[in-house]
Amino acid sequence: MRKILHADCDCFYAAVEMRDRPALREVPLAVGGSAERRGVVATCNYPARAFGVRSAMPTAKALRLCPELVVLPPDFERYRAVSQQIQALFAELTPLIEPLSLDEAYLDVSEVERFRGSATWMASWLKEQTLARTGITLSVGVAPSKFLAKIASDWDKPDGLTVITPDAVEDFLRPLPVSKLHGVGPATAAKLEGLGIHTCDDLRQRSLATLLERFGKFGRHLYQLARGIDEREVKISRERKSVSVETTFDRDLPDLPACRQALMPLFDKLQQRLARHDHPPSDKRFVKVRFDDFSLTTMEGMGSAGDPQGFQHLLEQAWQRGARPVRLLGVGVRLVPEDAQRQLTLFDEA
C-alpha cells in the first residue's frame, strides 16, 4: 500500500505578501492584474474570500464585491524563491516529488523510514518546518492514492492536515460528492447529477457498461475512482506538453484586422520562448481567442511552429466562431511526446 502526501500552500502568492507585509494579514487582499488593465485575480487571502472573491475572477468584479480589497501586482521572482525553499524541504523527506505548480506537489513517502514510517508524522513535520523556515502555512493530505491525497489536502483548509488511512477509504468515499473526483469538471458533474448520481455511492450503483455507454473511456475512470482505485504513480519529472504565450488587451480588439495585427508580436514572443527551450519538436500549432463576452475558443491544426501564415489562418477560423471584439489572444504549439521522439530516432537509425 502506497503512502502519498499532497502538499498545498494556502493562498500562496497572498501568503508571501502577508508574510513580508504583516499589516496586510487581516485585510482583504488579492494578487493579480489591475482592474484598469482588465486583469484577473491570481489568488486571494481568506478575508477576501469571505466577500466571494475567488481566483480567476476579473479584478473589476472582485472590487465590486469587496470595495476595500487591496490588489497587489504579482512578484513571481519572489514567489519562485520561496517555492524553491519549500521544494528543498520536500526533498529532505523523499526524492519522489511531483511538483504541480509553485505551491503544490505530490510526495511518495512509501519507503521513507524516518518518523517510524508514519506518513501522518511526516506530514506534521512538513507543516511545522515549512512554517518555521519560510513563514508559509501548508495544508497536507495523506492517503493511499494521489486523487485521495489531493482531496484530503483541501478538506480542512487553511493550515489543514487530513489523513485517509487505507481502512477508512470505503467510509470516506461513499458520501463523497462526484464533483470532487479527479477529472470531473462542472459539465461532467452536471451530467452525472442529471442521471441522479450525486455521490460515489450513487456512482457505484451503475455498472461499468452503463458508464462506458454514457461517458466513453472516461466512464472507466469514474468506475475506478468511485471504488478508490487510482494507480497513478508520483512522477519525478513532468513532461511538457505545449509551449504558448498569450496576452489580455487593455482595450478590446474590435475586428479581425486588429487581431491579425496583434498576432505577430505574439508569434515573435512564441519563437523566443521556443528558443529558450532549445526548439523542442512540435507537430501542431494553435490559436486561443477569448471574446469580450468571456467566451473562449481554441483552433489548432498540424503545421510548423515557425510559419506565421499558419497561425494567421487559424486565427481567422477561430475569430469566425464569435465574430465579435476580442479581449485575449494566445498562440502556441503542441510538443511531440518524448516516447514518440525516441521511436522516430530509432526508426531513423534503422
Heavy atoms from other residues, nucleotides or ligands near CZ of R21 exceed 12 (cutoff 6.0 Å): no
- request: Compute both the distance and the angle, then confirm whether R227 meets the cation-pi test with Y223: under 6.0 Å from the six-membered ring centre, within 45 degrees of the axis.
  value: yes
Positive for salt bridge (Lys or Arg N to Asp or Glu O under 4.0 Å) with K146, one of E233, E104, E98: E98
query: Ring centres of F76 and Y13 under 6.0 Å apart?
result: yes
message: Could you measure the distance from the OG1 atom of T298 to the CZ atom of F286? Nearest 0.5 Å is fine.
response: 7.5 Å
- request: Show your working on side chain to side chain contact (heavy atoms under 4.5 Å, CB included) between L222 and L181 and close with a plain yes or no.
  value: CA-CA 8 Å; L222 292 170; L181 295 179; 4.3 Å; yes
query: So D103 and Y79, side chain to side chain contact (heavy atoms under 4.5 Å, CB included) or not? Walk me through it.
result: CA-CA 9 Å; D103 63 329; Y79 306 152; over 6 Å; no
Atom NE2 of H313: over 12 foreign heavy atoms under 6.0 Å: no
message: If you apply the rule salt bridge (Lys or Arg N to Asp or Glu O under 4.0 Å), what do you find for D159 with K127, and how did you get there?
response: CA-CA 8 Å; D159 198 18; K127 287 171 56 63; 2.6 Å; yes
message: Are there over 12 heavy-atom neighbours, none belonging to Q87, within less than 6.0 Å of that residue's CD?
response: yes
- request: Measure from NZ or CZ of R260 to the centre of the six-membered ring of W319 and say whether it is under 6.0 Å with the direction within 45° of the ring axis.
  value: no
task: Give the cluster check for F311 versus F249: same hydrophobic cluster or not, with ILVMFWY residues linked at side-chain heavy-atom distances below 4.5 Å.
output: yes
field: Test log, rule side-chain hydrogen bond (donor to acceptor under 3.5 Å, both in side chains), inputs D10 and S139
entry: CA-CA 7 Å; D10 300 321; S139 289; 2.8 Å; yes
message: Check this for me: R214, atom CZ, are more than 12 non-hydrogen atoms of other residues, nucleotides or ligands nearer than 6.0 Å?
response: no
task: Flag the pair K157 and D8 as a salt bridge only when some basic side-chain nitrogen lies within less than 4.0 angstrom of an acidic carboxylate oxygen.
output: yes
query: Considering the options L161, T120, V163, which one meets the side chain to side chain contact (heavy atoms under 4.5 Å, CB included) requirement together with V140?
result: L161
message: Within the 4.5 Å heavy-atom criterion, are F172 and T165 side-chain neighbours or not?
response: no
message: Starting from W155, can I reach I4 by hopping between I/L/V/M/F/W/Y residues whose side chains sit under 4.5 Å apart?
response: no
statement: Exactly one of V331, T247, V245 clears side chain to side chain contact (heavy atoms under 4.5 Å, CB included) with K269, and that residue is V245
Intermediate values then yes/no, salt bridge (Lys or Arg N to Asp or Glu O under 4.0 Å), D292 and R324: CA-CA 7 Å; D292 63 343; R324 57 186 302 128; 2.6 Å; yes
task: Please lay out, stage by stage, how S110 and R2 fare under the test side-chain hydrogen bond (donor to acceptor under 3.5 Å, both in side chains).
output: CA-CA 5 Å; S110 305; R2 291 182 298 168; over 6 Å; no
